[in-house]
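Notes follow once the structure below has been shown.
In the text below, chain A, chain B and the rest are named by the order of the sequence lines, each starting its count at 1. Because only heavy atoms are used, hydrogens play no part in the values below, and waters and symmetry mates are left out as well, while side chains stay in.
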There are 2 protein chains.
Amino acid sequence: MPKIQPKYKFAVIAADIVIFTVKDGKLQVLLIKMKKKPFLDMWAAPGGLVRPLESVDNAARRILKEKTGVTDVFLEQLYTFGRVDRDPFGRVVSVAYYALIPNAGLKLKTSAEYGGVEWHPVDKLPELAYDHQEIIGCAVKRLRVKLEYTNVVYSLLPEEFTLGDMQKTYEIILDRELDKRNFRKKILALKILKATEKKTIGEANRPAALYRFLSHRPENIEIL
Amino acid sequence: MPKIQPKYKFAVIAADIVIFTVKDGKLQVLLIKMKKKPFLDMWAAPGGLVRPLESVDNAARRILKEKTGVTDVFLEQLYTFGRVDRDPFGRVVSVAYYALIPNAGLKLKTSAEYGGVEWHPVDKLPELAYDHQEIIGCAVKRLRVKLEYTNVVYSLLPEEFTLGDMQKTYEIILDRELDKRNFRKKILALKILKATEKKTIGEANRPAALYRFLSHRPENIEIL
DNA sequence: CCAAAAGTGTTCAGACTACACCCATGT
DNA sequence: ACATGGGTGTAGTCTGAACACTTTTGG
């Protein structure tokens, strides 16, 4: 067990965010390259200390916005990681969150503070700082079950999308194939989508109907 | 919004435990009567600051043991409550846990520090300190869903129990009646119990077979 | 003999699974 | 013309829900 440097007199609180998107046919997380010594060149989920006059939820929203610029996406508390030796800089307890953002040509802005900001597929993660491997693993598990009984995919898809897009998103995250006919039947029966008049154009195949979610709020609905 | 007294320079961490049992045909929680000023004579779930060299999980276990003496029961992290003004004594973030303990003639020991320790039915709670009403409400919700897809009732029942005891526990917590035949069929089909040779004796009705859980570890199993 | 909980099967409806072919477009 | 994903229905199986009477004990 590493020695804890009591930089703070009591345990203090940080928030870390596992930011997911689906990109290039893979579930990916946003990681930041560390420049500080014990974790030099390792990667970590974005995070930071909770400020004295800021709620933990707000800290999570702030960090998410700082790194991605997005604000109105699904963001939920995941779990609190409180091992004594999880942070070599001091006694820091991390309240972890996870967020789902659509892959809409988001520009990642790095800063001098970090060695880079990049998406990494969850099935091929680099070496991670702190206990972030555990945190991300936990977030992936949670995301998988959450997809099955809520409508939160809305936060991974663009405003308008095809049923094929939606099914592919499920297949990528759940890592299994779904039956097209059963999937469409199920989803349409739930009445959580409304069809637009539009269809996809310019693709090398038959145009597909575009849908949008009726509600962009998380709701519990048995989906699969 | 009340003014925060910066007793600590940063936010510090406490653990609060919602301790459940089923007693007198009701789901009950263990509460402590406060003696400190802004919450004088109000009740609260047991809790305390996390010590600098103690993990948050260990703090929860410690507090549970201090108040009840029990150790090997189901104890799980619930949620972290991080509103800025949740504690008038300072910036304290609470990692809430919930525990399930069997109602086996547990003796509650009060201390000079508190005005009393008592069980209270969750459907008739007194006025609660801090945000503990929210925390307990959250714990009850979680317990209800958890009962449906895990075996955690084991931690509310004695070592040996009848199927009637088990069904009653479900009915009390879920607050709805269950069909006796369907319940027994389902539970026995899951193979999570083993029948003992024994039967209840001395009751004013037909003796019932006594069962025990095969495993006393939390497992995900579709129960209802 | 009465009260109280234990114990025990069947039927019906709805949900889930598996499965194959034609269609509209771009190249 | 062909490659690509879009779009559609049915039959069989499984699961969950509803439902009533007999048994064994203590009082």
For this session: Answer yes or no: is there a donor N or O on one side and an acceptor on the other, between the side chain of B:R184 and the main chain of B:L163, under 3.5 Å?
Result: no

Exercise. Between the axis at one end of the helix from C:dC1-D:dG27 to C:dT27-D:dA1 and the axis at the other (five pairs apiece), what's the angle to 10 degrees?
Worked result: 10°

For this session: Please report, rounded to the nearest Å, how far the C1' atom of D:dG6 is from the CZ atom of A:F183.
Result: 14 Å

Seminar exercise, completed: ring-ring contact (aromatic ring centres under 6.0 Å, His included) filter on B:Y211, not counting sequence neighbours, yields none

Exercise. Using 30° and 60° as the class limits, which term best fits the ring planes of B:Y130 and B:H132: parallel, tilted or perpendicular?
Worked result: tilted

For this session: Take atom CD of A:E222 as the centre, draw a 6.0 Å sphere, and report whether it contains more than 12 heavy atoms from other residues, nucleotides or ligands.
Result: yes

Seminar exercise, completed: Residue set satisfying salt bridge (charged side-chain N to carboxylate O under 4.0 Å, His left out) with A:R217, at least two apart, ordered chain then number -> none

Problem set entry | Separation of D:dG6 C1' from A:D165 CG (nearest whole Å) | 12 Å

Seminar exercise, completed: Judged by nearest nucleotide, the residue sitting upstream toward the 5' end of DNA chain C, A:R181 or A:E203, is A:R181

Exercise. Taking CD from A:E177 and P from C:dA18, how many angstroms apart are they, rounded to a whole number?
Worked result: 12 Å

Exercise. Thinking salt bridges, do A:D24 and A:K124 make one under a 4.0 Å N-O criterion?
Worked result: no

Exercise. Taking only residues two or more places apart in sequence or in another chain, which ones pass ring-ring contact (aromatic ring centres under 6.0 Å, His included) with B:Y98?
Worked result: B:F74

For this session: Have a look at A:E148 and tell me which of A:K141, A:R142, A:R176, A:K186 forms a salt bridge (Lys or Arg N to Asp or Glu O under 4.0 Å) with it.
Result: A:R176

Seminar exercise, completed: Residues of residues 184-201 of chain A with a heavy atom under 4.0 Å from any atom of DNA chain C, listed by number, are A:K185, A:K186

For this session: Provide, to the nearest angstrom, the distance between the CG atom belonging to B:D179 and the C1' atom belonging to C:dG9.
Result: 12 Å

For this session: Using whole Å, report how far CZ of B:R206 lies from P of C:dA4.
Result: 17 Å

Exercise. If each of A:L163 and A:A204 is mapped to the nucleotide of DNA chain D with the nearest heavy atom, which maps nearer the 5' terminus, i.e. the 5' end?
Worked result: A:A204

For this session: Check the distance between C:dG7's P and B:Q167's CD and give it to me in whole angstrom.
Result: 12 Å

Exercise. Side-chain donor or acceptor of A:K180 under 3.5 Å from a matching atom on the base of D:dG5?
Worked result: no

For this session: Please state whether the base of D:dA18 and the side chain of B:N182 form at least one donor-acceptor pair under 3.5 Å?
Result: yes

Exercise. Rounding to a whole Å, what distance do you find between A:I223:CD1 and C:dA15:C1'?
Worked result: 16 Å

For this session: Output all residues satisfying side-chain hydrogen bond (donor to acceptor under 3.5 Å, both in side chains) with B:R181, sequence neighbours left out; order by chain, then residue number.
Result: none

Exercise. Which whole-number value in Å describes the distance from B:N205 CG to C:dG7 P?
Worked result: 10 Å

